[in-house]
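Encoded as structure tokens, the structure appears first; notes follow it.
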Amino acid sequence: MMQRISREDLYHAVWSDPIKTVAARLGISDVALAKTCRKHGVPVPTRGHWAKVQSGKRVFRPLLPARGFGMPELLHAGAGRSMPWYQGVSDADLMDAEIPPPPEFPEPMADLVTRVTGLVGKVGTVRDLRAPPGLIAGLLRREEENRKKYSYRSDRPLFASPFEQRRLQFPRQHLYCVGTLRSERHFVGQ
């Protein structure tokens, strides 16, 4: 049966018992539990951790990192995880169901904005594309290669038209584009 568990509860569970034991309680395999932990940024004990604990050696336990952007606080674990939440529920049951309370976010918006700003860093702007910044230069270089490679109208590169070139020159669009590319690069870990 599918269970909902918070990141913090999952963190405490995997650091209090071996992953195989926790996975059996949740009704999933230890590999699935490890993947879920990795996906949601929950650190797990390294190989040999429980042998060290049993022999009385000191072990390192990392803190639970802040929840990543777009990551849910409640995780779903157990059998039937991939099924839609409404499968097997009649329309009448859905109509009679109680509306859940709105979600609560533990981190205030001002702190979240500060954290995102620190991760993305300062973003500069450029007025023309004669000497674009690195990420935009790479994008335009790939577009130029595609322009030479494809001759059909449907395969034409995205930034081929003068209008699209102009869109890249405006500060607001450039800020968005560079900020997005920088943040994606940061979050992916490149």
task = Would you please test Tyr11 and Arg61 for side chain to side chain contact (heavy atoms under 4.5 Å, CB included) and show each step?
result = CA-CA 11 Å; Tyr11 169 77; Arg61 180 178 177 171; 3.4 Å; yes
Shortest non-hydrogen separation from Pro43 to Leu63 and the atoms involved = CG-O, 3.9 Å
ask   = Rounded to the nearest 0.5 Å, how far does CG of Leu26 lie from OG1 of Thr21?
value = 11.0 Å
key: Non-hydrogen atoms of Cys37 and Val14 that approach each other most closely   = SG-CG1, 4.1 Å
ask   = Do the side chains of Val113 and Leu119 join up, straight or via other hydrophobic residues, at under 4.5 Å, putting them in one cluster?
value = yes
ask   = Of all heavy-atom pairs between Ala32 and Ser29, which one has the smallest distance, and what is that distance?
value = N-OG, 3.1 Å
key: Test item: Trp50 side-chain N/O and Ile19 main-chain N/O as donor-acceptor pair under 3.5 Å   = no
message = As an exercise, state the distance from NE2 of His40 to CD1 of Ile5, rounded to the nearest 0.5 Å.
response = 11.5 Å
key: Closest contact, heavy atoms only, Leu64 versus Gly41   = CD1-O, 4.2 Å
key: CG-OG distance between Asp9 and Ser16, expressed to the nearest 0.5 angstrom   = 10.5 Å
query = Quick check: are there more than 12 heavy atoms from other residues, nucleotides or ligands sitting under 6.0 Å from CD of Glu8?
reply = no
task = Look up atom OG1 in Thr36 and atom CG in Leu10, then write down how far apart they are to the nearest 0.5 Å.
result = 7.5 Å
Nearest atoms (heavy-atom pairs only) where Arg115 meets Ala66 = NH1-CB, 3.7 Å
ask   = Can you hop from Leu74 to Val42 via hydrophobic side chains spaced under 4.5 Å?
value = no
